[in-house]
Colleague: 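Questions regarding the structure given below will be posed in turn.
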Amino acid sequence: MEDNELLNIRREKIADLKSAGVDLYPNDVKPQNTTAEILGKFENSDSDALAALSETFSIAGRLMAVRNFGKAAFIKIQDYKGHIQGYIGKNSLSPEEYFVFKKLDIGDIIFISGKLFRTKTNELTIEAQKLKLLSKSIRPLPEKWHGLTDVETRYRQRYLDLIANSRVKEIFYRRSRIIKLIRQFMDDHDFLEVETPMMQPRAGGAVARPFKTHHNTLDTDLYLRIAPELYLKRLVTGGLERVYEINRSFRNEGIDTFHNPEFTMMEFYWSFADYRDLMSFTEKLFVFIAGDLFQGLKFTYQGTEIDLTPPWQRLSVKDALLQIAGMEPADLTDPARTIAFARKVGCDVKENDPLGKIHMAIFDEVVEKKLIQPTFVTDYPVAVSPLSRRSNTEPELVDRFELYICGREIANAFSELNDPVDQKERFLQQLHEREAGDDEAHEMDEDYIRALEYAMPPTAGEGIGIDRLVMLFTDSASIRDVILFPLLRTRQE
RNA sequence: GGGCCCUUAGCUCAACUGGCAGAGCAAAUGACUCUUAAUCAUUAGGUUGUCGGUUCGAUUCCGACAGGGCUCACCA
């Protein structure tokens, strides 16, 4: 352990406590109350009402502040859901307990029990009649007023962030709440929650580079999944007509404020529904979540007011390119003009790229960031949608939408392609692109084709990025603020 | 991967044009029985991220490296 004056002083205190026979890490004390429970119950009780209570209350938590007055002191104890003030009077504690109190440091985990009262400044306070050290802290905490702001320390030592910054705890309570609400909503609509492989012999279901690993006994290369999609649809084929999974996927791509290599997605599949059904279903889901979190449909993200009131705007890719990107109709259909337009707005496109792919490049470059209020973008080109069902009226388009809020893709959904012949052709087309140098093109999955050959019911499926949803609903600027341990470069100690 | 920026005490931050590295909080000691960023006095706390260079002299200028942030590219 490092040689540091502050640590040495604490070690001396520990020696003093030990020689007085104090157990530094006992585990035989159980608090009967929490700070939140006490504050909730008695926030409106006046001094007389508190004095009339015969009960004693006990709490345990981290000592966050000590304000000493010679023979008395006020302390702040923080637990799971909040904090409360304690009052230490020299005459209320046994000499042994008072000795322990004098050796305490900010950061120690302690237990106190006693009666409730209100101070002269009317703060609800526990007067300690018993005090016990539950776990000794050796290292000093970050400063009480400014807290911990160094982002690197916040992510690497998230426990310090959680101790010092109460807002961080609130974000992760809310993340949990959002996921709980999603489960409730899906369960209420008769969806079955399932778990499918994270380690896959082939990484399919999305267009992305995977992480590779190896199983020793089987001597087989495996990939961390980039999406659960193909497995979930195998389950639909098996008769699980409504399934969902909320779990991690892994993509070996860049890291920035909207991308973490591992991220949480919900995917769900709904037989005998189509992508239009998914639009209204998605609206209902978001309304359900927002109604619980905000008691309303409006909230602010990074200074912009977002209104979730349905119905949300529906906009085809083509209309988006005409109306928002400012393309002429001929720019969409004449390949030379399309490429010229793409290059003009700064897209890196190849001469032989499919037209649909170039359209999407322009869309991503120009349109995406302008879709602030919730918008369903529909009618994607088949070239960028190898797993989606073709439109009945326009076979070069697919029955698909992506949901954009605040210029970011939040969800991706489509009517599923369940024609095994067409699916095989799409995979072959992707193989061509892979051979042409696109190492993110989708791989062939023969077993998935075989499953479709047994007939999969007409189905619609959707994936929702949970981290991005949580960012939105917690007004967080970075995905790292909604993931407890975001991936950072490992540091040599 | 490219560009720009950041790294000084446990934490939050100063230090002019290169001239003895400072404050607040936290800590120690003392005073104080109603404070809540308690107050007052005293004290201690540093290889200025690492390595190298320029210089009489480097926290400061230059180079390399490490880590981080923003951004562009790729992606969700």
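All chains are named by letter (A, B, ...) in the order of the sequence lines, taking the proteins before the strands, and each is independently numbered beginning at 1.
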Colleague: For B:rA76, does OP1 or OP2 lie under 4.0 Å from any side-chain N or O of A:R248?
Modeller: no

Colleague: Taking any heavy-atom pair under 4.0 Å as a contact, classify A:R489: base, sugar-phosphate, or nothing.
Modeller: sugar-phosphate

Colleague: For the side chain of A:D256, starting at C-beta, report the closest nucleotide among B:rG68, B:rC74, B:rA27.
Modeller: B:rC74

Colleague: Could you give the distance separating B:rU12 and B:rG1 at their P atoms, to the nearest angstrom?
Modeller: 27 Å

Colleague: Below the 4.0 Å mark, does B:rC25 have OP1 or OP2 next to a side-chain nitrogen or oxygen of A:K144?
Modeller: no

Colleague: Hey, could you give me the CG/CZ distance between A:D150 and A:R156, rounded to the nearest 0.5 Å?
Modeller: 10.0 Å

Colleague: How does protein contact run along nucleotides 4-13 of chain B, one letter per nucleotide 5' to 3', with B for base contact, S for sugar-phosphate only, - for none, heavy atoms under 4.0 Å?
Modeller: ------BBSS

Colleague: For A:L278 versus A:A460, what's the shortest heavy-atom pair and its separation?
Modeller: CD1-CB, 3.5 Å

Colleague: Dump the pairs, protein N or O against N or O of nucleotides 28-30 of chain B, anything under 3.5 Å, distances to one decimal.
Modeller:
unit_1 : atom_1 : unit_2 : atom_2 : d
B:rA28 : OP1    : A:K13  : NZ     : 2.5

Colleague: Between A:L160 (CG) and B:rA26 (P), how many Å, whole number?
Modeller: 18 Å

Colleague: Using the C1' atoms only, state how far B:rU39 lies from B:rC20, rounded to an integer number of Å.
Modeller: 33 Å

Colleague: Base, sugar-phosphate alone, or nothing: which one does A:R468 contact when heavy atoms must sit under 4.0 Å apart?
Modeller: base

Colleague: Please give, in whole Å, the distance from B:rU35 C1' to A:L124 CG?
Modeller: 15 Å

Colleague: Does A:R175 qualify as a cation-pi partner of A:F172, given the criterion of NZ or CZ under 6.0 Å from the six-membered ring centre and within 45 degrees of its axis?
Modeller: no

Colleague: Base of B:rU33, side chain of A:N91 - is there a donor-acceptor contact under 3.5 Å?
Modeller: yes

Colleague: Considering all heavy atoms of both residues, which atom of A:I171 and which atom of A:S476 are nearest to each other, and what is their separation?
Modeller: CD1-OG, 3.8 Å

Colleague: I'd like to know whether the aromatic ring centres of A:Y87 and A:F117 sit less than 6.0 Å apart in this structure.
Modeller: yes

Colleague: Between A:V66 and A:F250, which is nearer to the 5' end of RNA chain B once each is assigned its nearest nucleotide?
Modeller: A:V66

Colleague: Pick out which of A:I110, A:V66, A:I112 makes a side chain to side chain contact (heavy atoms under 4.5 Å, CB included) with A:F101.
Modeller: A:V66

Colleague: Which atoms of nucleotides 45-51 of chain B (N or O only) lie under 3.5 Å from a protein N or O atom, and what are those distances?
Modeller:
unit_1 : atom_1 : unit_2 : atom_2 : d
B:rG45 : O4'    : A:E5   : OE1    : 3.0

Colleague: Centres of the A:Y380 and A:Y275 rings: under 6.0 Å?
Modeller: no

Colleague: Taking the C1' atom in each of B:rC25 and B:rC51, what is the distance between them to the nearest angstrom?
Modeller: 34 Å

Colleague: For atom CZ of A:R183, is the number of surrounding heavy atoms from other residues, nucleotides or ligands below 6.0 Å larger than 12?
Modeller: yes

Colleague: Give me the distance, rounded to whole Å, that separates B:rG52 from B:rA37 when you measure between the P atoms they each carry.
Modeller: 48 Å

Colleague: Would you please indicate if the ring centroids of A:F281 and A:F191 are separated by under 6.0 Å?
Modeller: yes

Colleague: Looking at A:N412, A:T264, A:L285, A:I246, which hits side chain to side chain contact (heavy atoms under 4.5 Å, CB included) with A:I464?
Modeller: A:L285

Colleague: If the cut-off is 4.0 Å, is A:R67 near the phosphate of B:rA38, judged by side-chain N/O to OP1 or OP2?
Modeller: yes

Colleague: Hey, does the side chain of A:R408 come within less than 4.0 Å of B:rA76's phosphate (OP1/OP2), counting only N and O?
Modeller: no

Colleague: Using the salt bridge (charged side-chain N to carboxylate O under 4.0 Å, His left out) rule, take A:D161 and A:R158 through it: C-alpha gap first, then chi angles, then the decisive distance, then the call.
Modeller: CA-CA 5 Å; A:D161 196 23; A:R158 184 67 95 176; 2.8 Å; yes

Colleague: Using the salt bridge (charged side-chain N to carboxylate O under 4.0 Å, His left out) rule, take A:E253 and A:R209 through it: C-alpha gap first, then chi angles, then the decisive distance, then the call.
Modeller: CA-CA 7 Å; A:E253 312 273 4; A:R209 271 189 295 272; 3.4 Å; yes

Colleague: Quick one: is A:T257 getting a side-chain N or O under 4.0 Å of the B:rU71 phosphate, OP1 or OP2?
Modeller: yes

Colleague: What pair of heavy atoms forms the shortest contact from A:V345 to A:E365, and how long is it?
Modeller: O-CG, 3.4 Å

Colleague: Over all heavy atoms of both residues, which pair between A:A206 and A:H442 is shortest? Give the atoms and the distance, please.
Modeller: O-CD2, 3.7 Å

Colleague: Which is true for A:D467 with a 4.0 Å heavy-atom rule: it touches a base, it touches only sugar-phosphate, or it touches nothing?
Modeller: nothing

Colleague: Rounded to whole Å, please give me the gap between CZ in A:F117 and P in B:rU35.
Modeller: 12 Å

Colleague: Distance between the P atoms of B:rU42 and B:rG67, in whole angstroms?
Modeller: 45 Å

Colleague: Does B:rG68 have its OP1 or OP2 closer than 4.0 Å to a side-chain nitrogen or oxygen of A:R156?
Modeller: yes

Colleague: Once ring-ring contact (aromatic ring centres under 6.0 Å, His included) is applied, do any residues pair with A:Y269, and if so which ones, sequence neighbours excluded?
Modeller: none

Colleague: Assign A:E409 to base, sugar-phosphate, or nothing according to its heavy-atom contacts below 4.0 angstrom with the strands shown.
Modeller: sugar-phosphate

Colleague: Do A:R118 and A:S45 have a side chain donor and acceptor closer than 3.5 Å?
Modeller: no

Colleague: Which of these, A:E97, A:E127, A:K130, sits in a side-chain hydrogen bond (donor to acceptor under 3.5 Å, both in side chains) with A:S92?
Modeller: A:E127

Colleague: For RNA chain B, find the residues of residues 71-78 of chain A with a heavy-atom distance under 4.0 Å and give them by number; none if there aren't any.
Modeller: A:K71, A:A72, A:F74

Colleague: Could one point to a donor on the side chain of A:Y87 or the base of B:rU33 with an acceptor on the other under 3.5 Å away?
Modeller: yes

Colleague: Defining pairs by Watson-Crick or G-U wobble geometry with both distances under 3.5 Å, how would you list the stems of RNA chain B with at least three pairs each?
Modeller: B:1-7 with B:66-72, B:10-13 with B:22-25, B:27-31 with B:39-43, B:49-53 with B:61-65

Colleague: Which of the following nucleotides, B:rA76, B:rA73, B:rC34, is nearest to the side chain of A:E365?
Modeller: B:rA73

Colleague: Check each of A:E267, A:E245, A:R234 against A:T196 using the side-chain hydrogen bond (donor to acceptor under 3.5 Å, both in side chains) test, and report the only one that passes.
Modeller: A:E245

Colleague: Using a heavy-atom cut-off of 4.0 Å across all strands, would you classify A:R480 as base, sugar-phosphate, or nothing?
Modeller: sugar-phosphate

Colleague: Write down the distance between CE (A:M360) and C1' (B:rA76), rounded to a whole number of angstrom.
Modeller: 13 Å

Colleague: When the distance from CG of A:N122 to C1' of B:rC34 is rounded to whole Å, what number comes out?
Modeller: 12 Å

Colleague: Would you measure the distance from the P atom in B:rG24 across to the matching atom in B:rA41 and give it in whole Å?
Modeller: 10 Å

Colleague: Parallel, tilted or perpendicular, judged at 30° and 60°: which one describes the rings of A:F473 and A:F286?
Modeller: tilted

Colleague: To the nearest angstrom, how far is A:H442 atom NE2 from B:rA76 atom P?
Modeller: 12 Å

Colleague: What's the closest nucleotide to the A:W145 side chain, out of B:rC74, B:rC34, B:rA37?
Modeller: B:rA37

Colleague: In whole angstrom, what separates A:K357's NZ from B:rC74's P?
Modeller: 12 Å

Colleague: Given atom CZ of A:F69 and atom C1' of B:rA38, what is their separation to the nearest angstrom?
Modeller: 5 Å

